[in-house]
Structures are given as structure tokens and as C-alpha cells.
Engineer: 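Provided herewith is a single structure, encoded as C-alpha cells, for subsequent inquiry.
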Amino acid sequence: MPELPEVETIRRQLSAELSGKTIKNVEVRLAKMIKGQVFRFKKKITGAGITSVSRRAKILIFSLSNGYAILVHLKMTGQLVYTKQGKIKTGGHPIKDGHKDLPNKFTHVIFKLNGRATLFFNDIRQFGYLMLVKAGELDGHFSRMRIGPEPLKSDFTLGAFTKLLLKKKKSKIKPLLMDQSFIAGVGNIYATEACYYSKIRPTRRVGSLKKDEISKLYLHLIKILKFAIKKQGTSAKNYIDAFGEPGEYAPLLKIYGRQGEPCLHCNTTVKSLLLGGRGTAYCPKCQV
DNA sequence: TTCAATGTTTAGAC
DNA sequence: GGTCTAAACATTGA
């Protein structure tokens, strides 16, 4: 479900709660959600402390005190729910009433932590996974996965972006933005939005992009990602005990999911097409 | 009933 | 090797 801004939002919220906690017990209710052997997964993390929560692309990394790390990928419909004596924090796919009566039928893994805290890993479509990796092997793991650069790191400059694009001249720009080996963390929502802001037709070949179009794309992509994090993502935020609010970026989407509605800039009816199997909304007049 | 859904991987075609 | 498409994973909700 979540893209970079949503995963980053979850990371920030969970980091404050999980850092310093000890994993007392792990219950795996659906073995296929664990990549690798379940007994090893349970054995290695039971009793370990969580030292920090970080992120690479759309993957969360729980670093443990014993030299291991747990990778968490929520894919389309994964959800993490943290509870501690009535206090609830959820992050991930919004599931109707999914936070009530936990564990529920979508709860696949349960971490019991000290201080009467619990972390639930829920996933409707069961696409997500948890995986145990040695801390020292994280870099190797990510490079084997061929994950591209982090768009919000300072070394991801316009020059670096341009250089990467030059290697992919024949690709269509929007599917390329979503290609995790090209840039890490950008999914369908923000790739669609970035093309709209940059006035670029999602089907454009990279080789046809002019210099100023590339810099527009670069600037808008980064701006959108940062702003979405500030707004706690499109759906990640969910303090259901307090307010029950969704992510605050959802109402700010300019083009994603608006097919059939008027373009906010020129009133032309927003169209959509299928690119790489994903629905892609665009304005036929604004996006050339 | 049919379709699409915030993700990724794989197989096959050109 | 590059690039594209469809299909697969499983479930919900419009």
C-alpha cells in the first residue's frame, strides 16, 4: 500500500514507540508472511531489543540489539498496528475496522513487547512480508534487490537524476519513475502526481524530454515527496484512539484517481490509461 | 457480477 | 540486453 512518504511516516511514528523495547514473544499465524524459516525467525528475535527503526525504499528496518534486523514490506495492503494499554497507533493500508478487536483475520504476525505493548502485522492481500537479515548483510541484501537511489538523500541531485535518465532513453517516463531499481520508493500515486505537476505526458519517452522538463520533474518529484511526508502521507496516519484521521495528503492529490473529473488547471476532462498494468490519470491538455 | 486497488516478481514476446 | 505486457499473489469495495 504505502509509498515512500507513507512508509517514512510509519517509521517516524513507530520509531518513537519501538526504540528501546524488547521483543518478549512472536506469534506467527501465517507462515508464508515470513521470508525464510519461521522457527529461525522466531528464535533469533525472541528476547532481542529493538534499537532503531529505519527505512530503505518502501521497506522498514527494525534493527535489533543482537546484530540482526527485521525487514518489513507492507506491499499494497499491509498494516502495522501498535497498541499499549489502550493507546493505538496504526500505519499502512486503511482497513475498515481493521484496528478493532485485534488480532483479527488479517493479523498474520504478533509481536509481544515489554511494557504490555503489542505490534500487529496485518495484511489483507497477503502480499507483504517480514524477513530476518544480519545487520552486516543489509547492504548486500539491498544491492542484490537492485534498489535504486533514495530520492530524498542529498546526493540525489539534478545532475545525478539526469545521468540516470540518460541510461534509459527509450523508457516511458512514468513507469520508469515507479521502477524501484531506478529510484527507490516512488509508487503509482506520486509518479502520477509528479508527471502532472511537470506537465509531462506519462507515456513520454525519456529521450524526448527537454532539459527544462527534466529539471521540472526532478524538482516536483522531490517537492511532492517531502510535502507528503509533512502531511503524513496519503493514508498512513491513523490515530484512531484520538481523532481517527486519514493521511492529510489525500485531499491534496491533483490528478491521481481524478479521471472523469475536470482538470484543476484547465477544466479539461481528466483521462486515464494503463501503463505497466497500473492506472494512470493525466490531463490531455496540460500534459504534453 | 465485474473491475480496479498506494506493490513486486516472473515468464514470455519482440 | 532493453523494453513491454500479462499474470500471479488474495481480498475488498465500488
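In what follows, every chain begins at residue 1, and chains take the letters A, B, ... in the order their sequences are listed. These figures come from a predicted structure and were not determined experimentally.
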Engineer: Please report the distance separating the C1' of B:dT6 from the corresponding atom of C:dC4, rounded so that it comes out in whole Å.
Structural biologist: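 My reading of the C1' atoms in B:dT6 and C:dC4 gives 23 Å.
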Engineer: Decide whether A:Tyr190 and A:Glu6 meet the rule of one side-chain donor and one side-chain acceptor closer than 3.5 Å.
Structural biologist: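 Present: a donor and an acceptor within the cut-off.
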Engineer: Between A:Phe121 and A:Tyr129, is the gap from one ring center to the other below 6.0 Å?
Structural biologist: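 Centroid separation for A:Phe121 and A:Tyr129: 6.0 Å or greater.
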Engineer: With respect to the side chain of A:Ile124, which nucleotide from B:dT6, C:dT3, C:dT12 is positioned closest?
Structural biologist: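 Minimum distance to the A:Ile124 side chain belongs to C:dT12.
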Engineer: Need one value for A:Tyr190: base, sugar-phosphate or nothing, where a base atom within 4.0 Å counts as base even if backbone is also close, heavy atoms only.
Structural biologist: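 No contact.
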Engineer: Do A:Lys42 and A:Asn25 have a side chain donor and acceptor closer than 3.5 Å?
Structural biologist: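 A:Asn25 and A:Lys42 do not have a side-chain donor-acceptor pair below 3.5 Å.
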Engineer: Considering only the P atoms, how many Å lie between C:dA10 and B:dT10, rounded to the nearest integer?
Structural biologist: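 Result for the P pair: 16 Å, nearest Å.
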Engineer: Of the listed nucleotides (C:dA10, B:dT6, C:dT12), which one gets closest to any side-chain atom of A:Gln126?
Structural biologist: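 Given the options C:dA10, B:dT6, C:dT12, the side chain of A:Gln126 is closest to C:dA10.
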Engineer: What interatomic distance, in whole Å, is found between C1' of C:dA8 and the corresponding atom of B:dT1?
Structural biologist: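 My reading of the C1' atoms in B:dT1 and C:dA8 gives 22 Å.
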Engineer: Side chains of A:Lys32 and A:Gln126: any donor to acceptor distance under 3.5 Å?
Structural biologist: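 Note: A:Gln126 and A:Lys32 side chains meet the donor-acceptor criterion.
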Engineer: Which is true for A:Lys105 with a 4.0 Å heavy-atom rule: it touches a base, it touches only sugar-phosphate, or it touches nothing?
Structural biologist: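 Sugar-phosphate contact only.
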Engineer: According to a strict under-4.0 Å criterion, is A:Lys168 in side-chain N/O contact with OP1 or OP2 of C:dG2?
Structural biologist: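 No.
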Engineer: Between B:dT6, C:dC9, C:dT11, spot the one nearest the side chain of A:Lys32, thanks.
Structural biologist: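 Out of B:dT6, C:dC9, C:dT11, the nucleotide with an atom closest to A:Lys32's side chain is C:dC9.
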Engineer: Which of the following nucleotides, B:dG7, C:dT12, C:dT3, is nearest to the side chain of A:Arg205?
Structural biologist: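 Between B:dG7, C:dT12, C:dT3, the one nearest the side chain of A:Arg205 would be C:dT3.
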Engineer: From the options B:dT6, B:dT9, C:dC9, select the nucleotide whose nearest atom is closest to the side chain of A:Phe127.
Structural biologist: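 The closest nucleotide is C:dC9.
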Engineer: Kindly point out which of C:dT5, B:dT8, C:dT11 is positioned nearest to the side chain of A:Lys172?
Structural biologist: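 Side chain of A:Lys172 sits closest to C:dT5.
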Engineer: Which nucleotide wins on minimum distance to the side chain of A:Phe106, given the candidates C:dT11, B:dG7, C:dT3?
Structural biologist: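 Of C:dT11, B:dG7, C:dT3, C:dT11 is nearest to the side chain of A:Phe106.
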Engineer: From B:dG7, C:dT12, B:dT6, pick the nucleotide closest to the side chain of A:Met178?
Structural biologist: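 Of B:dG7, C:dT12, B:dT6, B:dG7 is nearest to the side chain of A:Met178.
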